[in-house]
Novice: 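Take a look at this one; I'll ask things after.
Naming convention: chains lettered A, B, ... in sequence-line order (proteins, then strands); numbering from 1 in each chain.
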Amino acid sequence: MSSTPVVTRFAPSPTGYLHIGGGRTALFNWLYARGRGGKFLLRIEDTDRERSTPEATAAILRGLTWLGLDWDGEVVSQFERRDRHAEVAHQMLARGTAYKCFSTQEEIAAFRAAREAEGASYAVFVSPWRDADPATYPDAPFAIRMKAPRTGETVIEDQVQGRVIIKNETLDDMIVLRSDGTPVYMLAVVVDDHDMGVTHVIRGDDHLNNAARQQMVYDAMGWAIPVWAHIPLIHGPDGKKLSKRHGATGVEEYQAMGYPAAGMRNYLTRLGWAHGDAEIFTSEEAIQMFDLAGIGRAPARLDFKKLENTCGHHMAMAEDAALLHELKAFLAVAGLSALTEVQELRMKDALSFLKKSAKTFPELVEKAAFLMVSRPVVPDEKAAASLDTVSRGILKSLTPRLQNVSWSKDALEPILNEIAAENGIGFGKLAAPLRAAIAGRTVTPSVYDMMLVIGRDEVIARLEDASS
RNA sequence: GGCCCGUUCGUCUAUCGGUUAGGACACCUGGUUUUCAACCAGGUAAGAGGGGUUCGACUCCCCUACGGGCUGCCA
């Protein structure tokens, strides 16, 4: 194979947040580069001055960072490279692979309307200036158009889509430099990818047709064509193009919904890509396994249930310290109050069991309610119901016996069993009021787990609160 | 309209001419259990339709249907 190092890139337009589909495209580029000791570059395609904003760029960077996709080198601004783009357009002019076109937009519109009136199925604009004698050039603004081949075909060798053949007659002489001297996207991408040394262009398949045009620019400049890989877009659960009505479309929304980044990464990697039966894997494993050949050709639908399941596995797999760190970040972006010192201390102990059953951070926080509340614990309606007179009496008889036991499950278990036996009830009947007293609710983690986390003094205090 | 791409269980997919079409999620049933989960065991479920090619097609070719993309001096 080639010995040239792999260089991939992600090139979003800063016109909004980082779309989940864009996030996946970035992820694929990142995986591919990282798995081959290559580089993953980031370029912001901000040539559309009307719609590009610095806020959007910041949001995209945040989204990528959250997903754990680190890029190499500086972020490239396409807009700042406009002089270079114009330079290449003029080089094309000099090479004779482009020409000055003085047709006005009105003339072009009229041309199309006329062809349409004739009943033409499509109207490729043919500029009258394509072969005009420079002596006839008017003193007027002009655009630079590429002198595209009119016959034959352009073949795209795509790693995902296979060999795609486009007839040249269906492609017009696209403009590379506007009459105001600004470069057009189609030129800018090629020049930037070339200058940045991009070897593999992995992007959405909405660009598949564009690849033919771009390839013409590569040819016009005598540059090496990169490896193409046009990946299908992500669709909503109904199979339609993913849009707002399907729910979250922005990467940061997923963070705010509390999906752990590792799970998100795993899910997005598996969405539209497979490696045998591999389902749950770390990023390191994904980097090792990832290849272009495993990418499917059909658009994949988002499945929130599977996303959750995948996230659940990663929650359970996570290191407690890292999970605590991510939990705090989640609390911040979700606009929830930060953990107090006491809560954080308890959380550190509770994570070992909480993470096993939670799939998302909101779920984890929900299960951690017992350690978040402070005295007096106010029971909800159902919990209050289980704290009847009899139960309160039982709890009252329990507290003295907790004073001197060693605070471990092994020591606590016999005591609670004794209490249950003495009162002629099963452990389940005892656990209910205990849960109510300790957490103020009926659905909680194991009573032992809770007791161990909040500690003897707090448990006794809560039991006394509830039984008095 | 034209051009291009796609179509295996509800969903993500494996298969790369010969399989009882496999796995995962979801769903259903059972088990475990201290509540909710989690967990364990089992189950239901698929090659869009029609033509070819072939001894043999989910796999190759064609047509149709459906979905998507492109068709700008947007990116």
Novice: Using a 4.0 Å heavy-atom cut-off, does A:Ile280 contact any base of the nucleic acid, only the sugar-phosphate backbone, or nothing at all?
Specialist: nothing
Novice: Applying a 4.0 Å non-hydrogen cut-off, can you work out what A:Gly312 is touching in the nucleic acid: base, sugar-phosphate, or nothing?
Specialist: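 It contacts nothing in the nucleic acid.
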Novice: Provide the distance between the two C1' atoms, one in B:rG42 and one in B:rU15, to the nearest whole Å.
Specialist: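 The answer is 25 Å between these two C1' atoms.
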Novice: Is A:Glu107 paired with A:Arg112 through a side-chain N to carboxylate O contact shorter than 4.0 Å?
Specialist: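 Result for this pair is no, no salt bridge flagged.
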Novice: Report the residue from A:Leu416, A:Asn417, A:Ile415 that forms a side-chain contact (heavy atoms from CB on, under 4.5 Å) with A:Glu413.
Specialist: A:Asn417
Novice: Tell which nucleotide pairs with B:rA41, taking only Watson-Crick or G-U wobble pairs whose two distances are both under 3.5 angstrom.
Specialist: B:rU29
Novice: At a cut-off of 3.5 Å, list every protein nitrogen or oxygen paired with a nitrogen or oxygen from nucleotides 18-22 of chain B, distance to 0.1 Å.
Specialist:
unit_1: B:rG22; atom_1: N2; unit_2: A:Asp277; atom_2: OD1; d: 3.2

Novice: Roughly how many Å apart are B:rG50 and B:rA14, using the P atom of each and rounding to a whole number?
Specialist: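 That atom pair is separated by 24 Å.
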Novice: With rounding to whole Å, what would you report as the distance between B:rG6 and B:rG47 at their C1' atoms?
Specialist: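 About 15 Å, rounded to a whole number of Å.
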Novice: Under 4.0 Å between any heavy atoms, over every strand shown, what does A:Val164 touch: base, sugar-phosphate, or nothing? Just pick one.
Specialist: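 A:Val164: backbone/sugar contact only, no base atoms under 4.0 Å.
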Novice: Name all residues meeting the side chain to side chain donor-acceptor pair (under 3.5 Å) criterion together with A:Arg301; count only those two or more places apart in sequence or in a different chain, and write none if there are none.
Specialist: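 Residues passing side chain to side chain donor-acceptor pair (under 3.5 Å) with A:Arg301: none at all.
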Novice: Whole angstrom is fine here: how far is it from CZ in A:Arg213 over to P in B:rG72?
Specialist: 7 Å
Novice: With a non-hydrogen cut-off below 4.0 angstrom, is A:Met186 in contact with a base, only sugar-phosphate, or nothing?
Specialist: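 The answer is base, as A:Met186 lies within the cut-off (heavy atoms under 4.0 Å) of a base atom.
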Novice: Just call it for A:Ile175: base, sugar-phosphate, or nothing, with non-hydrogen atoms closer than 4.0 Å on any strand.
Specialist: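 Base contact - A:Ile175 has a heavy atom under 4.0 Å of at least one base atom.
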Novice: Please report, rounded to the nearest Å, how far the P atom of B:rU13 is from the CG atom of A:Asn266.
Specialist: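 That distance rounds to 14 Å.
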Novice: Expressed as a whole number of Å, how far does the C1' atom of B:rC9 sit from that of B:rC70?
Specialist: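 Going atom to atom, C1' in each nucleotide, I get 33 Å.
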Novice: Counting only side-chain nitrogens and oxygens, does A:Lys359 get under 4.0 Å of the OP1 or OP2 atom of B:rA38?
Specialist: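 Yes.
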Novice: What is the distance, rounded to the nearest whole Å, between atom NZ of A:Lys409 and atom P of B:rU34?
Specialist: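 Checked: the NZ to P distance equals 10 Å.
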Novice: Does B:rU59 have a Watson-Crick or wobble mate here (both distances under 3.5 Å), and if so which one?
Specialist: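 Paired with B:rU59, as far as the under-3.5 Å criterion goes, is no nucleotide at all.
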Novice: What is the base-pairing partner of B:rC66, counting Watson-Crick and G-U wobble geometry with both distances under 3.5 Å?
Specialist: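 Base-paired to B:rG6.
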Novice: If you find the nucleotide of RNA chain B closest to A:Ala143 and the one closest to A:Glu413, which residue's nucleotide is nearer the 5' end?
Specialist: A:Glu413
Novice: Considering only the P atoms, how many Å lie between B:rG43 and B:rG51, rounded to the nearest integer?
Specialist: 35 Å
Novice: Please state how far atom CE in A:Met146 lies from atom P in B:rC73, giving the value in whole angstrom units.
Specialist: 13 Å
Novice: Salt bridge check, A:Arg43 against A:Asp193: does any charged N sit closer than 4.0 Å to a carboxylate O?
Specialist: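 Yes, this pair counts.
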Novice: Enumerate the residue pairs fulfilling salt bridge (Lys or Arg N to Asp or Glu O under 4.0 Å) with a member in residues 204-215 of chain A, sequence neighbours excluded, ordered by first and then second residue.
Specialist: A:Asp172-A:Arg213
Novice: Looking only at atom P, what distance separates B:rC27 and B:rG10, rounded to whole Å?
Specialist: 16 Å
Novice: Ignoring hydrogens and geometry, is there a side-chain-to-backbone donor-acceptor pair from A:Asn423 to A:Ile425 under 3.5 Å?
Specialist: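 No; judged by distance alone, with no hydrogens or angles, the pair does not exist.
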Novice: Touch check for A:Tyr267, heavy atoms < 4.0 angstrom, all strands: base, sugar-phosphate only, or nothing?
Specialist: nothing
Novice: Whole angstroms only, please: what is the CG-P distance between A:Leu187 and B:rG72?
Specialist: 18 Å
Novice: Classify the nucleic acid contact of A:Asp46 as base, sugar-phosphate or nothing, counting any heavy atom under 4.0 Å across all strands shown.
Specialist: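 Nothing, no heavy atom under 4.0 Å.
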Novice: Decide whether A:Tyr32 and A:Asp291 meet the rule of one side-chain donor and one side-chain acceptor closer than 3.5 Å.
Specialist: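 Side chains of A:Tyr32 and A:Asp291: no pair found under 3.5 Å.
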Novice: State which residue, out of A:Gln161, A:Arg203, A:Gln159, fulfils the side-chain hydrogen bond (donor to acceptor under 3.5 Å, both in side chains) condition with A:His230.
Specialist: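 Single pass found, and it is A:Arg203.
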Novice: Calculate the interatomic distance between A:Lys306 atom NZ and B:rC9 atom C1'; express it in whole Å.
Specialist: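 So the NZ-C1' distance, A:Lys306 to B:rC9, works out to 13 Å.
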Novice: Taking the P atom of each, how far is B:rU34 from B:rA26, in whole Å?
Specialist: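 Roughly 25 Å separates the two P atoms.
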Novice: In whole Å, measure the gap between the P atoms of B:rA45 and B:rU11 for me.
Specialist: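 That atom pair is separated by 16 Å.
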Novice: Across all strands shown, which nucleotide pairs with B:rU54 by Watson-Crick or G-U wobble geometry, both distances under 3.5 Å?
Specialist: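 Pairing partner, where one exists within any strand: none, as none qualifies.
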Novice: In this structure, how many angstroms lie between the P atom of B:rG69 and the CD1 atom of A:Ile231, rounded?
Specialist: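 Atom-to-atom, A:Ile231 to B:rG69, this comes out as 15 Å.
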Novice: A:Pro445 near the nucleic acid: base, sugar-phosphate alone, or nothing, with a heavy-atom cut-off under 4.0 Å?
Specialist: base
Novice: Determine whether a donor-acceptor pair (N or O, by modelled atom type, separation under 3.5 Å) exists between the side chain of A:Lys355 and the backbone of A:Ala318.
Specialist: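 Looks like yes, one N/O pair under 3.5 Å.
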Novice: Could you tell me whether the phosphate oxygens of B:rG72, OP1 or OP2, come under 4.0 Å of any side-chain nitrogen or oxygen in A:Arg112?
Specialist: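 Yes.
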Novice: Atom CZ of A:Arg297 and atom C1' of B:rG68: how far apart are they, to the nearest Å?
Specialist: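 Going from A:Arg297 (CZ) to B:rG68 (C1'), I get 15 Å.
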Novice: Looking only at N and O atoms, is any donor in the side chain of A:Lys167 or the base of B:rC3 less than 3.5 Å from an acceptor on the other one?
Specialist: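 Answer is no: no donor-acceptor pair is held.
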